[in-house]
Amino acid sequence: MKAIRIHEFGGPEVLRYEEVSDPALRQDRVLVRIKACALNHLDLWVRRGLPGVKLPHILGSDIAGEIAAVGDCVTGFEPRQRVLLAPMHFCNRCAKCTAGLQNQCPEFTVLGNLVGGGNCELIAVPPEIVIPIPDGLEFTQAASVPLVFLTAWHMLVTRAGIRQGQTVLVLAGSSGVGSAAIQIAKLFHARVITTAGDSGKLERAAALGADYGIDHYQQKISQEVRKITDKQGVDIVFEHVGAATWEESMKSLKPGGTIVTCGATTGPNAAFDLRFLYARQLSFLGSYMGTMADLYEVLSHVFAARLKPVIDRTFALQETRAAHEYLEKSQMFGKIVLTL
Ligand SMILES: [Zn+2]
């Protein structure tokens, strides 16, 4: 099959389009012919070099396609079925997995991180991560959903316990995870304030349901939040930006408020005054991906069109390098998807 592989860590130039052997279909696996694979910032981190990644390596976490073959020991699936893959690897046997906490499994990793991903034509996977999709959902749409919607759902619903009528600040609403978070917060009838780097992106965020927009290059986030909320602050800050925004995120919270974070795109080191944390009774929550239950729950809303995939543009698999360069420029609104 054709695949994009990296043989060394580095810039977009290390992505090689080449012929590799087809994956073997074990009796307990499902072989999926990949039709679309969405990009995530994780692809950039892995390409630049993360501990534990074995070379050569195939990137790509968000996969949709058609079942090509079904192992003899697998029931419930048929060739040609349209599916997406839960973007994760877990053992499915340990105490965490059997409690439904797959993202706390010792073996947990994201597809395309410590295990091979979807920047290729075929992938053999265990049946527990194979999820049929409705006919009306295109492969590019299906591929653009799993990682960001799962991450945003786990953050807002499972970790932060969002409730109707709360006010939520979603940082970088133009990102994949931000555009998912805006929609999920609106599903809970929250009031949503978002930030973006230009007026065009703020308009698109408003179209997704954001009630207020802050230009994070032109305006100070916490000051604008104070104005919008009549000096109250927000209940939840949806963080994934990291060092560049952490202080503003803290200052934007109302007493008793919660920051939930899944990333540190601008850097991992944030300092804060412990007195501010305890005196204002704040909660700082970490979140990483989500569980299979979270995924099924959020997908039920996607399949019913209450949550919508947001695609910026598509590239052919051969153009993966150009797609990485485009992602690194942060010009997009929503997801970048590779097609096969
Ligand atoms: Zn496990």
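Counting starts at 1 for both ligands and their atoms, following the listed order.
- Under the salt bridge (charged side-chain N to carboxylate O under 4.0 Å, His left out) criterion, the residue pairs touching residues 269-278 are D273-R275, with sequence neighbours excluded.
- The ring pair (Phe, Tyr, Trp, His ring centres under 6.0 Å) test applied to F333 returns no partner, not counting sequence neighbours.
- The hydrophobic cluster containing L253, built from Ile/Leu/Val/Met/Phe/Trp/Tyr side-chain heavy atoms closer than 4.5 Å, also comprises L169, L171, I193, Y212, I214, I221, V225, I228, V234, V237, V241, W246, M250, I259, F272, L274, F276, L277, L282, F284.
- R321 has a carboxylate O that lies under 4.0 Å from a charged side-chain N of E325, or vice versa, which qualifies the two as a salt bridge.
- Checked options F188, Y296, W153; the residue passing with H301 is W153 (criterion: ring-ring contact (aromatic ring centres under 6.0 Å, His included)).
- Both tests hold for R313 against Y326: distance to the six-membered ring centre under 6.0 Å, angle to the ring axis within 45°.
- Listed by chain and number, the protein N, O or S atoms at a distance under 2.8 Å from the Zn ion (ligand 1) are C91 SG, C94 SG, C97 SG, C105 SG.
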